[in-house]
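Here is the structure we will look at.
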Amino acid sequence: MSRSEAVSAVRHGATLDVERLRADFPILKLKVGGKPLVYLDNAASGQMPQSVIDRLVHYRTTQHANVNRGVHTLSELATMEYEAARRTVQHFINASEDREVIFTSGTTDAINLVMHGYGRKFIGEGDEIILTTLEHHSNIVPWQMLVEERGAKIRVVPINDAGELLIEEYEKLFNERTKFVGVTHVSNALGTVNPIQSMIAFAHARGVPVLVDGAQAAPHMAVDVRDLDCDFYAFSGHKLCGPTGIGILYGKAALLERMQPFKGGGDMILSVTFEKTTYNTIPHKFEAGTPPIAAAIGLGAAIDYLATIGMDAVAAHERDLLDYATDQVGRLPGVRLIGTAAEKAAVLSFAIDGVHPHDVGTLLNEEGVAVRTGHHCAQPVMQRFKIPATSRASFAFYNTMAEVDALVAGIRAVQKVFA
Ligand SMILES: *Cc1c(COP(=O)(O)O)cnc(C)c1O
């Protein structure tokens with residue numbers, strides 16, 4: 001089979017050829033404490049395939065120079081590759097124009113950009129921002145900083161015991177002072193997939209713009225910002241088989257143009273005098289200073305890699321993994337699943353009776369199983385469930401059913417130690 005035939009077979013087959021995909025990820029061959037690595041911490045960061053690593057090496061060894069300012073060959077090459085990566089991201093999320101794609105250092109940076117660029121310009125005293133209980137701290141704290149500065153107010157959409165947003169409560173929070181909505185597409189702590197499309201439509205009917213935190217959605221499902229009609233969509237490269245230090249803010253051009261810059265410096269200006277500075281056009285207005293050029297190009301390569309698999313195939317395999325893990329872990333006596341929403345993606349949070357999550361993580365590590373334990377930067381979720389922390393297994397398309405079995409065996413081993 002040729003490479004393209006193989007790719008096509010993977011894309012169109014009923015199931016992914018996971019073993020063959022795993023071979024693309026050198027780190028998955030590691031052993032941890034003599035045991036094969038079972039990497040189930042994908043919600044914190046994903047792993048990079050060889051093609052992305054090679055792309056980074058190729059850039060660094062043959063293409064690196066600063067972008068935008070040079071007329072020499074290397075600078076033009078670097079600029080071309082950097083802008084090509086922007087168009088790759090544009091097509092990945094189906095944005096209308098490449099200037100609606102802003103390179104940031106990550107989801108956190110993207111949300112802070114919106115807070116400074118939009119929030120500080122358009123949100124004032126007495127105004128209200130709607131967030132949800134499911135938000136990551138990076139979609140809470142910037143807004144708290146804003147409301148404190150402005151005398152504005154945050155209102156929070158509650159969740160039910162399954163970890164699903166109460167949509168009637170969301171709708172009741174709107175009033176004439178509502179100026180902004182921030183909502184996560186997928187909860188990183190529980191895996192809940194929120195009905196963002198209808199939430200966006202509801203907000204828009206009241207003239208309120210919506211920012212979607214897509215950090216946990218972009219790696220796991222096809223995202224179409226035009227279909228969603230979101231005003232802003234943020235995600236991180238390192239959760240998407242790409243490098244750290246790069247993220248994306250998608251914003252509708254009309255909004256981005258009305259916003260003020262977040263950071264001032266080089267490249268974001270058209271002209272500077274000490275009397276007056278004229279800002280550059282979007283997206284450059286929001287990309288002050290030397291951007292993470294290599295990381296942006298690496299993210300482009302990561303998206304190219306994902307495209308050979310297809311996001312629908314990714315989502316289908318992860319659905320199978322999650323169903324199997326939910327069944328297997330859920331039937332263990334003394335184990336409680338935290339987050340049992342009808343619509344979930346790739347995340348299994350759980351608590352073991354009588355064992356602190358930190359001990360769960362440490363003991364699973366001895367079996368080679370990497371999970372995350374803690375509050376997952378989502379303390380309001382923990383408070384809602386009256387627990388300090390959970391253990392969280394989070395899946396990627398390169399995980400296998402055998403790795404779910406290893407997780408289950410690991411949990412049994414933990415229970416034996418504490419029996
Ligand atoms: C990881 C994550 C973030 C923060 O991403 P960074 O890459 O650390 O900036 C924000 N929101 C959600 C839902 C996340 O999972």
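It should be emphasised that the depicted structure is a prediction, and the values quoted were computed from it without experimental measurement. Count residues from 1 along the sequence. Every number for a ligand or one of its atoms is a count from 1 in the order of the listing.
When only interatomic distances are considered, the shortest N/O to N/O separation between Thr184 and ligand 1 does not fall below 3.5 Å. Distances between N or O atoms of Lys239 and those of ligand 1 include at least one value under 3.5 Å.
For ligand 1, the atoms sitting less than 4.0 Å from at least one non-hydrogen atom of Ser236 are 5 (O), 6 (P), 7 (O), 9 (O), numbered in the order shown with element in parentheses. Which parts of ligand 1 touch Gln216 is read off a 4.0 Å heavy-atom cut-off, strictly below it: atoms 13 (C), 14 (C), 15 (O).
Comparing Thr108, Asn139, Thr104 by heavy-atom distance to atom 9 (O) of ligand 1, the nearest is Thr108.
Close to ligand 1: His238, with a non-hydrogen atom less than 4.0 angstrom away. Ser138 counts as a contact of ligand 1, since one of its heavy atoms falls under 4.0 Å from the ligand.
Here the closest non-hydrogen pair linking Arg177 and Gly126 is CD-O, 3.1 Å. Asp213 and Thr184 make their closest contact through O-OG1, 3.3 Å (heavy atoms, listed as atom of the first residue, atom of the second, distance).
Comment: Asp109 engages Lys263 in a salt bridge, judged by a side-chain N to carboxylate O separation of less than 4.0 angstrom. With respect to Arg86 and Asp98, no salt bridge is recorded, no charged nitrogen being found less than 4.0 Å from a carboxylate O. Using a 4.0 Å cut-off between charged side-chain N and carboxylate O, Glu125 and Lys153 make no salt bridge.
Scanning the protein for heavy atoms near atom 13 (C) of ligand 1, the closest one is Asp213 OD2, 3.4 Å.
At a heavy-atom cutoff of 4.0 Å, ligand 1 is contacted by both the backbone and the side chain of Thr107.
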- Please assess Asn66 against Thr290 for the test side-chain hydrogen bond (donor to acceptor under 3.5 Å, both in side chains), listing each intermediate value before the final yes or no. CA-CA 7 Å; Asn66 210 335; Thr290 301; 2.9 Å; yes

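Stacking of Arg55 on the aromatic ring of Tyr59 is not recorded, the 6.0 Å distance cut-off and the 45° axial limit not both being met.
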